[in-house]
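The block underneath contains the structure these notes are about, expressed in structure tokens.
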Amino acid sequence: MTSRKTGQPILLSVDEFAKNGAADPFEETLEAVASLAVRLDRKDCSVGLVTNGMVVGGGATTVPVRRNPQQLPALLEVLARLHMDSKETLLDVLLGRSGLFPGVSCVHFSFQEAQTTVATEHYLFQRNTPVVFFVSRHSAASEKEALKLRSRLHSLDELVVKKPGDSL
């Protein structure tokens with residue numbers, strides 16, 4: 001008898017990247033999200049993506065959590081076409097898609113901790129959805145927001161392995 005592996009939604013909030021003109025950290029975050037998706041896929045885990053970013057040429061920015069041969073290519077396609085512009089917060093996206101993943105843990109990526117991060121974490125907490133946060137940048141201004149989070153907060157540097165000579 002085989003055990004069924006759970007799905008892993010990856011959340012990506014782009015608005016703070018756009019507000020801060022953080023193109024390089026945005027690209028690094030996209031790489032980290034893509035790497036995580038590939039790794040989860042290789043471990044036979046279902047994976048999905050929810051983002052508030054807009055994609056070049058229009059189209060869906062949500063890839064439902066599933067396990068099939070087209071899943072990883074669909075997710076990577078969204079990431080390849082994604083840019084930092086957004087029409088709404090990630091929380092608004094989640095509110096508009098109720099029933100996405102109650103009770104399933106998820107990973108959240110953003111530029112830095114912000115009020116929207118706290119609001120998203122509160123929403124997921126109410127839905128019994130554990131979340132781990134990765135941010136590209138910790139800032140003194142965002143430390144107050146970080147203190148409001150009940151969930152674990154990590155720097156993207158903890159997830160990304162740099163080659164010698166690479167710079168941030």
Side-chain angles (χ1 to χ4, degrees), residues 8-43 45 47-56 60-63 65 72 74-95 97 100-101 104-125 129-168:
Q8 185 69 59
I10 300 172
L11 310 178
L12 175 57
S13 179
V14 304
D15 43 1
E16 287 296 316
F17 290 102
K19 280 184 196 173
N20 291 281
D24 288 342
F26 179 68
E27 291 299 323
E28 290 170 355
T29 300
L30 291 178
E31 290 173 12
V33 170
S35 295
L36 178 60
V38 168
R39 186 173 181 110
L40 290 167
D41 183 71
R42 286 184 181 158
K43 291 188 174 279
C45 293
V47 65
L49 175 71
V50 178
T51 180
N52 62 330
M54 295 169 57
V55 293
V56 174
T61 59
T62 299
V63 179
V65 177
L72 185 60
L75 192 149
L76 295 176
E77 176 69 19
V78 170
L79 290 175
R81 295 175 45 220
L82 191 67
H83 53 97
M84 296 187 302
D85 297 326
S86 66
K87 290 184 181 177
E88 57 190 343
T89 67
L90 183 61
L91 179 58
D92 291 333
V93 173
L94 293 172
L95 289 170
R97 291 166 178 82
L100 279 176
F101 40 80
V104 176
S105 64
C106 60
V107 182
H108 180 286
F109 291 86
S110 63
F111 179 63
Q112 63 188 8
E113 312 85 71
Q115 288 179 331
T116 56
T117 312
V118 175
T120 300
E121 193 256 0
H122 179 72
Y123 170 77
L124 294 170
F125 179 79
T129 303
V131 60
V132 176
F133 290 89
F134 285 93
V135 295
S136 292
R137 182 184 87 170
H138 283 287
S139 69
S142 64
E143 287 301 316
K144 290 179 184 176
E145 299 304 330
L147 293 175
K148 296 177 185 175
L149 293 173
R150 289 182 285 270
S151 303
R152 184 87 173 139
L153 179 72
H154 299 276
S155 169
L156 190 61
D157 293 337
E158 295 176 52
L159 187 64
V160 177
V161 177
K162 295 284 184 185
K163 296 178 199 165
D166 282 354
S167 63
L168 279 179

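None of these values were measured; they are calculated from a predicted model.
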Shortest non-hydrogen contact between [X] and [Y], atoms and distance:
{"X": "Leu91", "Y": "Ala119", "value": "CD2-CB, 3.7 Å"}
{"X": "Ala34", "Y": "Leu76", "value": "CB-CD2, 3.7 Å"}
{"X": "Ser136", "Y": "Pro25", "value": "OG-O, 3.8 Å"}
{"X": "Thr62", "Y": "Val93", "value": "OG1-CG1, 4.4 Å"}
{"X": "Ser105", "Y": "Pro9", "value": "O-CD, 3.3 Å"}

Partners passing side chain to side chain donor-acceptor pair (under 3.5 Å) against [X] (at least two apart in sequence or in another chain):
{"X": "Ser86", "answer": "none"}
{"X": "Ser110", "answer": "none"}
{"X": "Ser13", "answer": "Asp15"}

Validation row: [X], [Y] side chains within 4.5 angstrom (heavy atoms):
{"X": "Leu90", "Y": "Val50", "answer": "yes"}
{"X": "Val33", "Y": "Thr51", "answer": "no"}
{"X": "Asn20", "Y": "Gln112", "answer": "yes"}
{"X": "Cys106", "Y": "Gln8", "answer": "yes"}
{"X": "Leu94", "Y": "Leu11", "answer": "yes"}

Residue pair Leu12, Leu82: steps toward the side-chain contact (heavy atoms from CB on, under 4.5 Å) verdict: CA-CA 10 Å; Leu12 175 57; Leu82 191 67; 3.5 Å; yes
Main-chain N/O of Val14 paired to Asn52 side chain as donor or acceptor, under 3.5 Å: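 Yes.
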Contacts of Lys19 that satisfy salt bridge (charged side-chain N to carboxylate O under 4.0 Å, His left out) - sequence neighbours left out: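 Salt bridge (charged side-chain N to carboxylate O under 4.0 Å, His left out) list for Lys19, sorted by chain: Glu16.
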Under the salt bridge (charged side-chain N to carboxylate O under 4.0 Å, His left out) test, residues paired with Asp41 that sit two or more places apart: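 Expected list: Arg67.
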What is the distance from atom [atom1] of [X] to atom [atom2] of [Y], rounded to the nearest 0.5 Å?
{"X": "Leu79", "Y": "Leu49", "atom1": "CG", "atom2": "CG", "result": "5.5 Å"}
{"X": "Arg42", "Y": "Leu40", "atom1": "CZ", "atom2": "CG", "result": "11.5 Å"}
{"X": "His83", "Y": "Leu30", "atom1": "NE2", "atom2": "CG", "result": "11.5 Å"}
{"X": "Thr61", "Y": "Arg81", "atom1": "OG1", "atom2": "CZ", "result": "10.0 Å"}

Worked verdict on Val55 versus Val78 for side-chain contact (heavy atoms from CB on, under 4.5 Å): CA-CA 7 Å; Val55 293; Val78 170; 4.1 Å; yes
ring-ring contact (aromatic ring centres under 6.0 Å, His included) against Phe17, all qualifying residues, sequence neighbours excluded: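 ring-ring contact (aromatic ring centres under 6.0 Å, His included) list for Phe17, sorted by chain: Phe26, Phe111.
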